[in-house]
Amino acid sequence: MKFRVKLFLFGSLSAAFIALQWSGPTFREESLKGMRVLVTGASTGIGEQVAYHYARMGAQIVITARREHVLKEVVKKCLDLGAQKALYIAADMAEMADAERVVEFAKEQLHELDYVVLNHIGPSPYGMWDADVDHVKWLMQVNFHSYVKMAVKALPVLEKTNGSLIVVSSLYGKMCLPFGLPYAATKFALNGFFGSLQHDLAMKHSNVSVTICTLGLIDTESAMEKIKGYIDMPAYPAHEAAYQIIKAGALRESEAFYPWYTFYASLFRDWFPYHRDQVIRKVYKYQP
Ligand code: NDP
């Protein structure tokens with residue numbers, strides 16, 4: 001296809017996207033009052049901000065991560081912000097029994113579940129891949145297998161409440177980028193699995209909605225630390241990313257993108273392969 005034709009289509013699709021954004025259903029924070037929510041990876045970063053937004057909106061929340069003392073503090077703040085209920089359970093998502101235990105705990109404590117936000121990620125090195133295959137296997141357990149395990153446990157519960165499963169993913173799960181190979185593998189796996197699950201659920205007329213959130217660079221402590229010296233681009237605020245995740249879940253959107261460029265990058269990733277790769281290799285810097 002000629003470059004000009006591609007540009008014209010790019011412009012038209014952008015206009016259509018903006019029009020869609022303006023004409024879509026509106027999000028009402030009040031609709032989340034009293035909702036029963038489970039958030040993973042909520043001791044810090046985006047998950048912590050997700051918990052605070054739900055708390056401010058008057059939800060009932062169970063949060064989880066590994067560090068108990070940090071979770072305790074987050075729960076305290078959630079209650080101060082207005083959560084109807086806030087509880088924590090410490091768990092290691094590398095252990096499938098823990099993943100199962102977390103959903104069981106949330107179900108028992110909140111009686112039902114309306115939203116399950118799968119957000120946690122295990123720490124992973126950033127830079128040229130060091131050929132550590134065991135790390136890839138471990139990260140798959142934490143970032144992918146535990147998501148599947150939790151979804152399996154949560155789906156029958158969400159079915160009863162017309163509930164929603166929200167999966168936090170990344171541009172790394174949509175296009176191939178350097179320096180985060182094990183992480184990218186886990187995010188592509190998530191997108192493949194939960195994207196296909198959306199079809200299965202729709203075809204059997206399930207009540208459960210699945211929202212996959214594609215995020216770009218967000219200013220969490222761990223992300224900022226990792227990319228230092230490798231990428232020079234703006235990072236967007238974690239509290240805004242968290243708000244967009246909650247909003248997309250409440251509106252039962254199948255996909256959500258934050259910030260804006262993640263939508264275009266995902267949409268046009270295969271249109272200009274040469275230019276795409278040139279831009280990627282300029283934005284990401286290799287330091288031998
Ligand atoms: P953080 O590294 O800030 O937080 C990760 C969370 O996961 C923490 O609460 C951590 O708590 C928990 N965690 C880590 N290991 C385990 C484990 N083995 N078992 C259970 N919990 C664990 O991540 P971000 O907030 O930056 O990212 C959140 C989500 O957003 C992720 O899915 C990520 O892929 C996505 N995203 C983030 C981007 C960014 O730039 N920040 C960009 C694109 C996507 P603890 O240590 O207490 O266990």
Side-chain angles (χ1 to χ4, degrees), residues 9 13 16-17 19-21 23-28 31-32 35-41 50 54 59 93 96 99-100 102-104 106-107 110-121 140-176 184-215 244-258 262-271:
L9 281 172
L13 283 167
F17 174 68
L20 261 176
Q21 293 291 306
S23 62
T26 38
F27 169 52
R28 288 182 314 105
S31 67
L32 295 179
M35 288 287 147
R36 295 142 300 186
V37 182
L38 167 62
V39 186
T40 72
V50 167
Y54 275 125
M93 292 298 169
M96 291 307 100
E100 209 166 338
V102 166
V103 181
E104 279 297 328
K107 202 176 92 184
L110 305 179
H111 308 299
E112 302 283 358
L113 281 172
D114 299 290
Y115 292 95
V116 173
V117 184
L118 301 177
N119 161 81
H120 62 275
I121 43 165
M140 270 296 195
Q141 287 280 103
V142 178
N143 291 10
F144 175 62
H145 292 137
S146 68
Y147 278 53
V148 174
K149 191 82 192 173
M150 293 183 89
V152 164
K153 284 296 281 185
L155 280 171
V157 190
L158 293 170
E159 194 70 55
K160 285 196 232 151
T161 58
N162 232 3
S164 302
L165 190 64
I166 304 174
V167 177
V168 181
S169 191
S170 164
L171 199 53
Y172 264 88
K174 286 276 192 186
M175 55 194 298
C176 297
T186 66
K187 291 298 181 184
F188 263 88
L190 277 185
N191 280 30
F193 183 88
F194 286 98
S196 299
L197 180 65
Q198 286 173 336
H199 289 304
D200 275 20
L201 293 179
M203 286 159 93
K204 63 178 187 189
H205 307 291
S206 161
N207 291 325
V208 182
S209 73
V210 176
T211 299
I212 303 174
C213 305
T214 298
L215 302 184
Q244 294 304 325
I245 289 166
I246 291 172
K247 182 177 157 192
L251 295 176
R252 301 174 82 82
E253 287 170 359
S254 57
E255 284 201 274
F257 296 89
Y258 180 82
T262 56
F263 172 77
Y264 295 104
S266 305
L267 187 60
F268 298 112
R269 63 169 196 190
D270 296 327
W271 282 37

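All values below come from the heavy atoms of this structure, side chains included, with hydrogens, waters and symmetry mates left out. Everything numeric in this text was worked out from a predicted model, so none of it was measured.
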Mind checking whether L32 and V37 have side chains closer than 4.5 Å, heavy atoms only? no

For F257 versus S266, what's the shortest heavy-atom pair and its separation? CE2-OG, 3.5 Å

Looking at side-chain heavy atoms only, is the closest gap between L165 and F194 below 4.5 Å? yes

How long is the straight-line distance from NZ of K153 back to CG of L158, given to the nearest 0.5 Å? 13.0 Å

Can you list the steps and then say if V117 with Y54 is a side-chain contact (heavy atoms from CB on, under 4.5 Å)? CA-CA 11 Å; V117 184; Y54 275 125; 3.8 Å; yes

Are the side chain of T40 and the backbone N or O of H120 linked by a donor-acceptor pair below 3.5 Å? yes

Minimum heavy-atom separation for I166 to C213, with atom names? CG2-SG, 3.8 Å

Any non-hydrogen side-chain atom of R252 less than 4.5 Å from a side-chain atom of N162? yes

Worked check of side-chain contact (heavy atoms from CB on, under 4.5 Å) between M150 and M93: CA-CA 10 Å; M150 293 183 89; M93 292 298 169; 3.8 Å; yes

What's the verdict on side-chain contact (heavy atoms from CB on, under 4.5 Å) for L118 and L190, showing C-alpha distance, side-chain angles and the deciding distance? CA-CA 11 Å; L118 301 177; L190 277 185; over 6 Å; no

Approximate separation, where rounding is to 0.5 Å, of I246 CD1 and Y115 OH: 10.0 Å

Euclidean distance, S206 OG relative to L197 CG, rounded to 0.5 Å: 8.0 Å

So, does T161 use its side chain to make a donor-acceptor pair with the main chain of L113 at under 3.5 Å? yes

Just by modelled atom types, is the N207 backbone N or O under 3.5 Å from a matching donor or acceptor in the E159 side chain? yes

For A250 and F27 the tightest heavy-atom approach is CB-CE1, 3.5 Å

Atom OG in S170, atom CD1 in I212: separation rounded to 0.5 Å? 13.0 Å

Indicate yes or no for a side-chain donor-acceptor contact from K187 to the backbone of V168 under 3.5 Å, with no hydrogens or angles considered. yes

Compare every heavy atom of I121 with every heavy atom of N143, then report the nearest pair and how far apart it is. OD1-CA, 3.3 Å

Which word best sums up how the rings of F268 and W271 line up, parallel for under 30°, tilted for 30 to 60°, or perpendicular for over 60°? perpendicular

Close side-chain approach of N119 to V50, heavy-atom, < 4.5 Å: no

Check whether any side-chain N or O of S209 sits under 3.5 Å from a backbone N or O of S164 as a donor-acceptor pair, and report yes or no. no

What are the two closest non-hydrogen atoms of A256 and E253, and how far apart are they? CB-OE1, 4.3 Å

For a quick test of reading the model, state the closest non-hydrogen atom pair linking G173 to N191 and the distance between them. O-ND2, 3.3 Å

Please walk me through it: do H111 and R36 pass side-chain contact (heavy atoms from CB on, under 4.5 Å)? CA-CA 8 Å; H111 308 299; R36 295 142 300 186; 5.6 Å; no

Could you tell me the separation between the CE atom of M175 and the CZ atom of F188, rounded to the nearest 0.5 Å? 8.5 Å

